[in-house]
Number of protein chains: 2
Amino acid sequence: MADSLNERSQNILEAIVEDYISSAEPVGSRAISRKHNFNLSPASVRNVMADLEEMGLLCSPHTSAGRIPTGKGFQYYIDTLLEVRDLNRNEKQNLRNSYRFQNMRMEDIMQEVGRVLSGLSQYTGLVMAPKFISTIFRQIEFVRLSQGRLLVIYVSETGLVQNKVIEADPTITTHDLEKISNYLNSELNGLTIHEVRAKLNQELQNDRVLYDKLKKQALSLSCAALQDEIEDQLYVSGASLMLGQPEFSTPEQMKRLIQTFESKKILIDLLDQGQSAQGVQIFIGSESSHVDLEGCSLITSNFSNQKGAIGSLGVIGPVRMNYSQVVPIVDFTAQLVSRVLDREIEEK
Amino acid sequence: MADSLNERSQNILEAIVEDYISSAEPVGSRAISRKHNFNLSPASVRNVMADLEEMGLLCSPHTSAGRIPTGKGFQYYIDTLLEVRDLNRNEKQNLRNSYRFQNMRMEDIMQEVGRVLSGLSQYTGLVMAPKFISTIFRQIEFVRLSQGRLLVIYVSETGLVQNKVIEADPTITTHDLEKISNYLNSELNGLTIHEVRAKLNQELQNDRVLYDKLKKQALSLSCAALQDEIEDQLYVSGASLMLGQPEFSTPEQMKRLIQTFESKKILIDLLDQGQSAQGVQIFIGSESSHVDLEGCSLITSNFSNQKGAIGSLGVIGPVRMNYSQVVPIVDFTAQLVSRVLDREIEEK
DNA sequence: TATTAGCACTCGTCTCTATTGAGTGCTAAC
DNA sequence: GTTAGCACTCAATAGAGACGAGTGCTAATA
């Protein structure tokens, strides 16, 4: 239905959205008729604006103010009017140079990406590391802590290191542990955690295994080590940049925003939702979707390596965000990170 | 000089500080003379207040407001008037129960401590993990990533896992790596990183070593792995709680505070300064000390295990903080964490 | 001599009012 | 269909006046 806008209405909507993006203030008919040369008087523009308001694409804070796009208006702008140009060769190179990935740990890469995204966009950068469950087994090591407590160190194909403390038979010797890790490293190499779990369960059900004490220990240890879900890692950079935006200028809004960022849960859920999609996604926060993200927009894209580990990155800013500038940055960064992850893996 | 206050002046100063702590508003002479039964008229109280103002312990925002303690006034209160009672048995037990340290990784413990400190105090919790340099070598492992790039995993005595990517001779085999890590694990076990570095440097200068290719590789790898300083880990919890405090109620103050928390550097420096001291320390932020921490007070204590790894924890809140409540919490938590760290180490 | 009652004074806060100006909707003319 | 004109709305701003909490000073009191 909204697609039935005629060209003039589209042009005016576009002008209003873009003026609003750069000024953060309600846009009046006079400003539109003057700055953009549509050769239309303010009165004509007003007529169109009234129509757009009727359709729910614009609203006015009060009678004597100009108009601002509604969430629906922004949605229409993004779906229909926004033209995302690709970065040119130069811009790509600049972006590439912004990131320094040499000899960085996975965590550092994630953090660096967040920082750069935030710095370039001047909004808040988000990066969610690939989930533990989607990683591929590379190596496992055991370190004895106190009596009966073991530190398990797990390394994924991409060099992501996770560790965990588990309880274990206190009589187990260091030598046994070494044998166990050697066994597991050769058996499980190259499998996803998903596959690893399936294999472990299968073998545990296999009765014959029980006669081999060492193997039994190996299985129960690795079960303990790999069974739990490890909570998602979300890196938030440049939260304070959001506080400079006029839409979050009151103390209450600031407080709510910082709380939302601090709890991370809402952001993780949102990024999770987008994990199945391809390419750049835009989420516009409104009262209807998530009350804590009212007034925020999220531009995200997933990155992944060839082995299927999927993470997400993006930028969160006010709904009044400069989409045409940020979308290509997010897009290209996701491609860049995907390539970097693949490079982490040894070419065999 | 400030110690030359007579008893009445001390009582009045104490009353003012405590009233101000609970109300966050300037305290007037009438309120003091009524609520506390000094048997003094407001006029007499006013005389004393004028003296205290002269000495720089109080100030008034404007002529017709009450008075508030200056930084110096708070300092005097803390040094001379504040009585910190020990927690009783019950309170200690409650505090102990607030923390759940079972089978937690070092990182989780640090994070949990920050969360609980923040929750109990209703201010912002800070925890700085023991520095890499102060940890004791336990184990090192190498994982091959791509050509010529190695992931080094280092585990300290307390189960702290650090990892790092280094460049290495691409021709080195997995088998060699295993021998190298075995060699290093037996040679370096129980040394501090400091001692490890000294030992490595010494051996590298020893010419004879150069004939043993494997040993040479082991030394150069471990040098690369352990030489850099690893940046301090600071956990900040409950930053948004500070935004509820009236002293940070304006957008500018909020923004500055969040920026300060986000950069972490200033906080780390401050905690570093206190690392040599014993017991609870209180830092009062004023324009003179650190402009970004104006209006903030920091209550910290160090924790350490018997092997000398030192970390810091504490609470940051407004200068108008409830010291008598928070100081014992910080103190006891530091003791608790110290004991937990020791328990992490295998009893041999 | 220390204390206190009394009083004039200060100054931030709140409320009410008037003014301004940007922007609208409607109507009539083009 | 477009536009000029005009009355209208309403947020923002500024100023005036009342209010009140609190002070400093002085003179009286114990």
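These numbers come from the heavy atoms of this one structure, side chains and all, not from hydrogens, waters or symmetry mates.
- Side-chain atoms of A:S9 and A:N6 include a donor-acceptor pair closer than 3.5 Å.
- As rounded to whole Å, 15 Å separates atom P of D:dA11 from atom CZ of A:R67.
- To the nearest 0.5 Å, atom CG of residue A:L52 and atom CG of residue A:L58 are 5.0 Å apart.
- Between the side chains of B:N322 and B:S324, at least one donor N or O lies within less than 3.5 Å of an accepting N or O.
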Pairwise N/O distances under 3.5 Å, protein to nucleotides 12-17 of chain C:
none

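- Rounding to whole angstrom units, CZ of residue A:R46 and C1' of D:dG5 are separated by 10 Å.
- Remark: A:G28, A:S29 in residues 17-32 of chain A come within less than 4.0 Å of DNA chain C through at least one heavy atom.
- Side-chain N/O atoms of A:S41 include one lying less than 4.0 angstrom from OP1 or OP2 on D:dT3.
- Ionic pairing of A:E18 and A:K35 is not present here: no N-O contact between side-chain nitrogen and carboxylate oxygen is shorter than 4.0 angstrom.
- No more than 12 heavy atoms of other residues, nucleotides or ligands lie within 6.0 Å of CG in B:N37, so this atom counts as exposed by the packing criterion.
- Using cut-offs of 30° and 60° for the angle between ring planes, the A:F74 and A:Y77 rings count as perpendicular.
- The distance between atom CD of A:E53 and atom P of C:dT24, rounded to the nearest whole Å, is 10 Å.
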